[in-house]
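First the structure, in the form of C-alpha cells, and then the observations on it.
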Amino acid sequence: MTTRSDSDVRQDAGELSTRDASAQTAPPEAASPETETAPPVPPSTHHPFAVQVSTWLLQYPRLRIAVYALASLIIGMTQGLGINLVSSNLPGIQGSLGISNVESYWLVAAYTATSVTGTILLYKIRTQFGFRRFGEYGLLFFAVASMAQTFTHDFQTALAVRAVMGFAMASLGPLALFYMFEIFPPAKKLTAGLCFGLAGSQIALPVSRIISPHLLDLGHWHQLTTLESGLSLICLAIIWILPLTHPPRVKVFERTDWISYPLIATAVACMSVVLTMGRYYWWQEKDWIGEVLVAGIIALTLSFMVELKRKNPIIDLRWLMTPEMLLFTGSMLFVRMLLSEQTTGMVGFLNLVGLLNDQLVTLFLVILAATFAGLVVVSIIHKANRIAYIHLFSIALIGAASLMDASSTVDIRPEQFYLTQGMIAFAGAIFLPTSLWLGFIRALQFGQSQIISFVLVFLSTQNVGAQVGSAFLGTIQILREKFHSAALVEHINLQNPLVVERIARYSHLLKPVLNDGNQLNAEGLALLSQKVTQQAGLLAYNDVFMVVSYMSLGCFVVLCAHIWVGRIQTKKRAAAEVVA
C-alpha cells in the first residue's frame with residue numbers, strides 16, 4: 001500500500017478533516033464507498049456573538065492563544081474531574097449515601113460502563129452535525145446530568161446519574177483537543193498541540209486529590225457534584241463564546257448502527273462491570289459475575305459478526321487486526337496497566353497505613369508538577385524518529401520507580417514517595433501524547449473510516465487498561481496478603497515470650513480505659529491481630545510494586561528488541577535498494 005508523506009498526514013491531522021484522507025493515495029478498497037458518493041452536509045454557522053468574539057481575538061494573537069489554551073485546559077479538566085472526583089473520595093461518599101465500601105465501587109463501574117461507547121456515538125454526531133451541535137448538546141446533557149447529582153440522596157439514583165454522566169462526558173475530551181489545535185499551525189497540531197490538549201485530563205487526577213478534602217469539609221459529596229455542575233456550565237459558555245473551525249461535515253450514520261452500537265455498548269458495559277467489581281465480590285464467589293461476563297462475550301461476538309459484514313463499519317476489525325495495530329493496542333494496554341501502580345498501588349499502600357487525601361496533598365502537588373513537566377518536555381522533544389526512545393525512557397522510569405517502592409515499610413510516609421511517584425507521573429505524561437500521535441498518523445494514512453476505530457481503540461486502552469490494571473494488581477495484592485498473613489500467623493505462639501511481651505505492651509496502652517485483666521488481654525490480642533493484618537497488607541503491596549517492576553523490565557526488553565529488529569530491516573532494505 002502506498003501511503004502519504006509524514007508532512008501531508010500531519011497537515012490533514014492538524015485540520016482533523018473528515019474527508020477521506022486516503023482518497024488520493026490509498027487503493028480504492030481503502031476508501032469508504034458511502035463517503036465518496038454521499039453529498040456533504042452543509043456546515044452550520046456560528047452564533048453571531050461568537051463571530052464577534054472571534055473577530056476581536058484575531059486582533060490580539062497572544063490573547064487569543066491564552067484564551068483558547070485556557071478553554072482547552074478547563075474542558076479537559078472538567079472531563080478528568082468527572083472521572084476522578086468520585087473515585088478519589090469513595091470513603092466520604094459512603095457515609096453520605098449510607099452504603100458499604102463494596103457498594104461504593106458501583107458508582108465507578110456505572111461511570112466507566114458508558115463512557116467509552118458514548119465517545120463513539122458523539123464522534124459520529126460531531127462528524128455529521130458539526131462542532132456546534134456536538135459541543136452544545138453534549139455539554140448541555142453533561143450539565144443537566146451533573147446538576148442532577150446535587151439532588152440525589154439515595155444509592156440507586158446516584159448510580160443511574162453516574163451512568164448518564166459517563167455517557168455525557170464523552171464530548172469533552174475531543175473538544176479539549178480541538179480548542180488546543182485551534183491555536184497551533186498544522187505542522188504543530190499533533191506535536192505540541194496534542195501534548196497540551198491532553199494536559200487538562202492528565203492533571204485532573206492529582207487536582208481531584210488536592211481539592212477534595214476542602215470540598216468534603218464544606219458539604220459532603222454534594223460539594224463535589226456542585227463543582228462538576230459549575231464547570232460544566234463554564235464549558236457550555238465557552239462553546240457559545242469561542243468558535244471552532246468547522247471541518248467538512250459528512251453523513252456517517254447508517255441504519256445498521258442501530259444494531260452494532262447497542263451490541264458494542266452492551267459488551268463494553270459488561271466488561272467494565274466485571275473488571276471493576278470482580279475483585280471486591282471475588283471472581284469465583286458470585287454467580288452473577290460469570291453471567292455478566294458471558295453476556296459481554298456474546299454481545300462482543302455478535303457485534304464482530306455484524307461489523308465484519310458492513311461496508312462502513314463502526315469498528316474496522318480487519319484494520320485493527322493488522323500487526324501494527326495489534327502491537328499498538330497491546331503496548332497501550334500494557335503501559336496503562338503499569339501506570340495503575342500509582343492509583344492502585346501507592347494510594348492503597350498509604351491508605352492502609354492510615355493516611356487519607358488531606359494528608360496526601362503535597363504528594364499530589366509533586367505529581368501535578370511532574371505531569372506538567374512531562375507535557376512541556378515531550379512537546380519540545382517530540383519527533384517521529386524519537387518516539388520509540390521516548391517510550392523506552394518512560395518504561396524505564398516506571399520500572400525504576402516501582403523497584404524503589406518495593407522496599408516500603410510501615411513507617412514510610414508520603415515524603416518517601418515524592419521521587420518515585422514524580423517519576424511515574426512524568427513517564428505517563430511523555431508516553432500518552434506520543435502514543436496518541438502515532439495512532440492518529442496510522443489511522444489517517446488509511447482514511448477517515450479508520451478514525452472512529454482508532455478513537456475506540458485509544459479510549460478502550462485507557463479506560464479498560466486502567467480497569468484491567470486495577471483488577472490485576474488488586475487481585476495480586478489480595479492473594480499475596482492472604483499468603484503473608486498465613487506465614488506471619490504461623491510464627492505467633494502464645495508460648496513465645498516475645499509475643500506475650502507485645503500483647504502486654506498493647507494491653508498497657510488500654511489500661512486508662514479498661515480495668516478488667518481479661519478484657520485487657522483480649523484487646524491486646526486483637527490489636528496484635530490488626531498489626532499482623534496490616535503488615536501482611538504492606539508486604540503484599542511491596543509484592544505488587546515488584547510485579548510492576550518485573551513487567552516494566554519485560555516491556556523494556558521487548559521494546560529494545562523491536563527497535564533492534566527494525567534497524568536490521570531498515571539496513572537490509574537500504575542494501576537491497578543499493579544493489580538494485
**Request:** Indicate yes or no: at least one non-hydrogen side-chain atom of Val347 is less than 4.5 angstrom from one of Phe364.
**Result:** yes
**Prompt:** Under 30°, 30 to 60°, or over 60°: which ring-plane class applies to Tyr280 and Tyr105, parallel, tilted or perpendicular?
**Reply:** parallel
**Item:** Val377 and Phe426, any side-chain heavy atoms less than 4.5 Å apart
**Value:** yes
**Asked** Parallel, tilted or perpendicular: which describes the rings of Tyr179 and Tyr68, with under 30° parallel and over 60° perpendicular?
**Response** tilted
**Side-chain heavy atoms of Asp543 within contact of His484, under 4.5 Å** = yes
**Request:** Report the distance from atom CG of Leu338 to atom CG of Leu333, rounding to the nearest 0.5 Å.
**Result:** 10.0 Å
**Message:** Is there a side-chain contact between Arg480 and Val544 in this structure, where contact means two heavy atoms from C-beta onward sitting under 4.5 Å apart?
**Reply:** no
**Prompt:** Does CD in Glu415 sit with more than 12 non-hydrogen atoms of other residues, nucleotides or ligands closer than 6.0 Å?
**Reply:** yes
**Prompt:** Ser402 and Val548: which non-hydrogen atoms are nearest, and at how many Å?
**Reply:** OG-CG1, 3.1 Å
**Item:** side-chain contact (heavy atoms from CB on, under 4.5 Å) between Leu73 and Phe196, worked out
**Value:** CA-CA 8 Å; Leu73 189 65; Phe196 292 113; over 6 Å; no
**Message:** Would you compute the distance between atom CE of Met77 and atom CD1 of Ile203 and round it to the nearest 0.5 angstrom?
**Reply:** 3.5 Å
**Prompt:** Where is the tightest heavy-atom contact between Phe349 and Asn542, given as atom of each residue plus distance?
**Reply:** CE1-OD1, 4.2 Å
**Prompt:** Side chains of Leu539 and Phe483: does their closest heavy-atom pair fall under 4.5 Å?
**Reply:** no
**Message:** Please find the pair of heavy atoms, one from Met337 and one from Phe472, that lie closest to each other, and give the distance.
**Reply:** CE-CD2, 4.0 Å
**Nearest non-hydrogen partners of Ala466 and Arg336, listed with the distance** = N-CG, 3.6 Å
**Prompt:** Would you call Asp405 and Gln421 a side-chain contact if the rule is heavy atoms closer than 4.5 Å?
**Reply:** yes
**Message:** If I take atom NE2 from residue His391 and atom CD1 from residue Ile430, how far apart are they, to the nearest 0.5 angstrom?
**Reply:** 8.5 Å
**Fill in**
Of all heavy-atom pairs linking Ser208 and Leu85, the shortest is CB-CD2, 4.0 Å
**Request:** For residues Leu473 and Phe545, determine if any side-chain heavy atom of one lies less than 4.5 Å from a side-chain heavy atom of the other.
**Result:** no
**Test item: Ile398 and Glu341 side chains (from C-beta on) under 4.5 Å apart, heavy atoms** = no
